[in-house]
Amino acid sequence: MKKFILYCLFVCTAFGAQSQVVEDDLQSNPQKEEKVKALYVAYMTQQLKLTPDEAQKFWPVHAQYDAELRAINKSGLSEIDREDAEVKVKKKYVASFTKVLGADRCNKFSIHDNQFRDKIKARLREMRQQRRQQMQQDGGNRPQGGGRRKLNGGQ
């Protein structure tokens, strides 16, 4: 089991948050990014009920999938073109994920992936709001470690 956990942590270094809001906010804090990666691997492993053998096959495919999605997010495409390109990548990997997970868990992968990202986005928004409130209470002084820039119109 320890080997499995170490393997998951090793593989998670190849994983990055594909959502631009999450990615931008986490890139400024590598420790936070690594923590989110580890949480993602643990969450997905639990939700998909991956066996060690399945995880060994799944995470390398996921790393390729994620790399392609990250490249799209960094490409500077318009919003509609970016979404179109993301859908094409997701369709491209359905067969690979189905081969490892089966059809039912392949469908659940997308659902759980979106749920995790929504939770992270909500938590980041909450943390930004808390920082703003703290700054207001401190009379506008920046919190230790510096403030973060606003993303998505300050959401």
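Side-chain atoms are counted along with the backbone in the values below, which use heavy atoms only and exclude waters and symmetry mates. Since the structure is predicted, the reported quantities are computational estimates derived from the model, not experimental observations.
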| message | So does A42 get a backbone contact from the side chain of T45, meaning a donor-acceptor N/O pair under 3.5 Å? | response | no
Measure the shortest side-chain to side-chain distance between [X] and [Y] over non-hydrogen atoms and say whether it is less than 4.5 angstrom.
X	Y	result
D53	K57	yes
F116	V36	yes
L101	K108	no

What is the minimum heavy-atom distance between [X] and [Y], and which atoms define it?
X	Y	result
V100	E54	CG1-O, 3.6 Å
A103	T98	N-CG2, 3.8 Å
M44	W59	CB-CH2, 3.8 Å
P60	A55	CD-O, 4.1 Å
A85	L77	CB-CD1, 4.3 Å

Measure the [atom1]-[atom2] distance between [X] and [Y] for me, rounded to the nearest 0.5 Å.
X	Y	atom1	atom2	answer
Y93	K99	OH	NZ	13.0 Å
K119	E126	NZ	CD	13.5 Å
R132	M135	CZ	CE	9.0 Å
K35	K32	NZ	NZ	9.5 Å
R82	L69	CZ	CG	10.0 Å

| Ionic contact status for E34 with K37, cut-off 4.0 Å |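 Salt bridge present between K37 and E34.
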| request: Evaluate the criterion side-chain contact (heavy atoms from CB on, under 4.5 Å) for residue pair I111 and Q47; output intermediate values, then yes/no. | output: CA-CA 10 Å; I111 293 166; Q47 294 300 317; over 6 Å; no
| request: Sequence neighbours left out, what passes side chain to side chain contact (heavy atoms under 4.5 Å, CB included) with S78? Give chain and number order. | output: I80, D81
| said: Are L48 and L39 connected into the same hydrophobic cluster when the rule is that any two of I, L, V, M, F, W, Y join if their side-chain heavy atoms are below 4.5 Å apart? | reply: yes
| So Q134 and R131, side-chain contact (heavy atoms from CB on, under 4.5 Å) or not? Walk me through it. | CA-CA 5 Å; Q134 185 64 40; R131 281 195 302 264; 5.6 Å; no
| remark: ring pair (Phe, Tyr, Trp, His ring centres under 6.0 Å) filter on F109, not counting sequence neighbours, yields F58, H62, Y65, F97
